[in-house]
Amino acid sequence: MAGAAWPLSAAAGLLPASLSLTLLLGSLVVVLVLGVAAVFLEHIRKIGCMHSLERTAVSDAFFEDPGSLKKVPCPSIFDPAEKYISLIVPAYNEECRLPEALTETLNYLKQRSSADKSFTYEVLIVDDGSTDRTSKVAFEYVKKHNIDNVRVLLLGRNHGKGEAVRKGMLHSRGELLLMLDADGATKVTDLAKLEAEVRALAGKAKSSLAPSASSSQRLSDAEIAVFGSRAHLEKQALATRKWYRNFLMKGFHLVVLLTAGPGIRDTQCGFKMFTRSAARKLFTNIRLKRWCFDVEIVYLCKHLRIPMAEVSVSWTEIPGSKVRMTSILHMVFELLLIRVGYGLGIWKIYS
């Protein structure tokens, strides 16, 4: 009994010095890993708490009308649709690339509207805390096309592309909602391809309903998400990009596959269309505010049973991309947030 009661310090003294050092280092590693895990989980919990507050908060956002200098209250995604389509353009320091993209977009929309009076539209530019003249450029288009067709939402400070898209979606008026990048990399005319796919999926969903229900269902009532895709251009991209960029992108795609599962080959294309009902569910649930909100959308679509489709679009690389090599690390971190946040049930999905 006396031997069993030896103090640990005496027992440690009998161990070789190298083994004692190994045990000490091992203990420090365990403590460090547990500390990092605790901080990581607390970060995820805080994101969940912030999301809960944002869901229940009453929005006081407004649009500024440069013509009348009046403040126009922002509509809500929970209101009935007032337009056929809303185009949401997230913009951060885009004073150089925005004009060409907006001019091309508005010319196309005006042509569609002239040919079909039921094709009503709005373009919502979300300025994500730009430090250049992005907002001034955007307001020039509001003056030219009036605030009913072009609106600018100022976020004040930079939050990230995901948050800019989320805010735009939540304050849009369309039956269909399209997000597109401010650089005009994807031709706006491809909007028609996504629109046709939405209608095809809506037709299938309508045919499966009872006659009484299908006759009263509008396009905005169907829950559908259609993603523009550059997957058909992958071989060409692999041939022109440097080897280490290809290696990083392949690794990123593998992590995306492990996070969101198969189904969508190109999650990062900035050209996506949603019906109003689908957008209402997705963008009141979304947590990520920067790079990987697209992957979170795919994840949410699967768990909310929202039908998805992928449509090939034409795409051109435009100089001035804000994606850097360090962005890949941040993307992987956000993918880990998705996996752990939803996987452990820390983030709830509201239907």
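Along the sequence shown, the residues carry numbers beginning at 1. No hydrogens, no waters, no symmetry mates; every other heavy atom, side chains included, goes into these values. None of these values were measured; they are calculated from a predicted model.
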Heavy-atom closest contact ([X] atom, [Y] atom, distance):
{"X": "Leu98", "Y": "Ala138", "result": "CD2-CB, 4.4 Å"}
{"X": "Asp128", "Y": "Gly160", "result": "OD2-N, 2.8 Å"}
{"X": "Gly228", "Y": "Leu194", "result": "N-CD2, 4.1 Å"}
{"X": "His159", "Y": "Arg157", "result": "CD2-O, 3.0 Å"}
{"X": "Trp347", "Y": "Ile44", "result": "NE1-O, 2.9 Å"}
{"X": "Tyr299", "Y": "Gly343", "result": "OH-N, 4.4 Å"}

[atom1]-[atom2] distance between [X] and [Y], expressed to the nearest 0.5 angstrom:
{"X": "Glu122", "Y": "Leu109", "atom1": "CD", "atom2": "CG", "value": "11.0 Å"}
{"X": "Ile85", "Y": "Ser113", "atom1": "CD1", "atom2": "OG", "value": "12.0 Å"}
{"X": "Arg151", "Y": "His171", "atom1": "CZ", "atom2": "NE2", "value": "11.0 Å"}
{"X": "Lys193", "Y": "Ser314", "atom1": "NZ", "atom2": "OG", "value": "5.5 Å"}
{"X": "Asp127", "Y": "Asn158", "atom1": "CG", "atom2": "CG", "value": "9.5 Å"}
{"X": "Arg280", "Y": "Ser172", "atom1": "CZ", "atom2": "OG", "value": "12.0 Å"}

Might you confirm whether atom [atom1] of [X] has over 12 heavy atoms from other residues, nucleotides or ligands at distances under 6.0 Å?
{"X": "Arg339", "atom1": "CZ", "result": "no"}
{"X": "Glu104", "atom1": "CD", "result": "yes"}
{"X": "Lys83", "atom1": "NZ", "result": "yes"}
{"X": "Lys136", "atom1": "NZ", "result": "no"}

query = Should Leu219 and Arg276 be marked as a side-chain contact (heavy atoms from CB on, under 4.5 Å) after you check the CA-CA gap, both sets of side-chain angles, and the distance that decides it?
reply = CA-CA 8 Å; Leu219 183 61; Arg276 190 171 187 80; over 6 Å; no

Group every Ile, Leu, Val, Met, Phe, Trp and Tyr by side-chain heavy-atom contacts under 4.5 Å, then state whether [X] and [Y] land in the same group.
{"X": "Met169", "Y": "Phe78", "result": "yes"}
{"X": "Ile297", "Y": "Val255", "result": "yes"}
{"X": "Ile338", "Y": "Met50", "result": "no"}
{"X": "Val298", "Y": "Tyr350", "result": "no"}
{"X": "Leu32", "Y": "Val30", "result": "no"}

Could you check whether any side-chain N or O of [X] sits under 3.5 Å from a backbone N or O of [Y], counting only pairs where one atom can act as donor and the other as acceptor?
{"X": "Ser86", "Y": "Leu177", "answer": "no"}
{"X": "Glu296", "Y": "Leu288", "answer": "yes"}
{"X": "Thr275", "Y": "Ala222", "answer": "yes"}
{"X": "Lys348", "Y": "Gly48", "answer": "no"}

Answer whether the closest heavy-atom distance between the side chains of [X] and [Y] falls below 4.5 Å.
{"X": "Leu176", "Y": "Leu178", "result": "no"}
{"X": "Ser130", "Y": "Tyr92", "result": "yes"}
{"X": "Leu87", "Y": "Val188", "result": "yes"}
{"X": "Val39", "Y": "His43", "result": "no"}
{"X": "Asp148", "Y": "Arg173", "result": "yes"}
{"X": "Val126", "Y": "Val165", "result": "no"}
{"X": "Phe333", "Y": "Cys292", "result": "no"}
{"X": "Val89", "Y": "Leu180", "result": "yes"}

message = side-chain contact (heavy atoms from CB on, under 4.5 Å) for Val311 and Phe271? Distances and angles first, verdict last.
response = CA-CA 10 Å; Val311 175; Phe271 202 75; over 6 Å; no

query = By salt bridge (Lys or Arg N to Asp or Glu O under 4.0 Å), which residues pair with Glu223, not counting sequence neighbours?
reply =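 Salt bridge (Lys or Arg N to Asp or Glu O under 4.0 Å) list for Glu223, sorted by chain: Lys281.
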
So, [X] and [Y], do they make that salt bridge, N to O below 4.0 Å?
{"X": "Glu195", "Y": "Arg112", "answer": "yes"}
{"X": "Asp190", "Y": "Lys187", "answer": "no"}
{"X": "Asp65", "Y": "Lys70", "answer": "no"}

task = Starting from the C-alpha separation in whole Å, work towards a yes-or-no answer on side-chain contact (heavy atoms from CB on, under 4.5 Å) for Trp315 and Asp181.
result = CA-CA 11 Å; Trp315 185 82; Asp181 289 338; 5.8 Å; no

inquiry  = Tell me whether the rings of Phe119 and Tyr84 are parallel (<30°), tilted (30 to 60°) or perpendicular (>60°).
reply    =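 Answer is tilted, since the angle falls between 30° and 60°.
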
query = What do the steps show when you test Asp266 against Glu310 for side-chain contact (heavy atoms from CB on, under 4.5 Å), and what is the final call?
reply = CA-CA 8 Å; Asp266 182 8; Glu310 198 169 10; 3.6 Å; yes

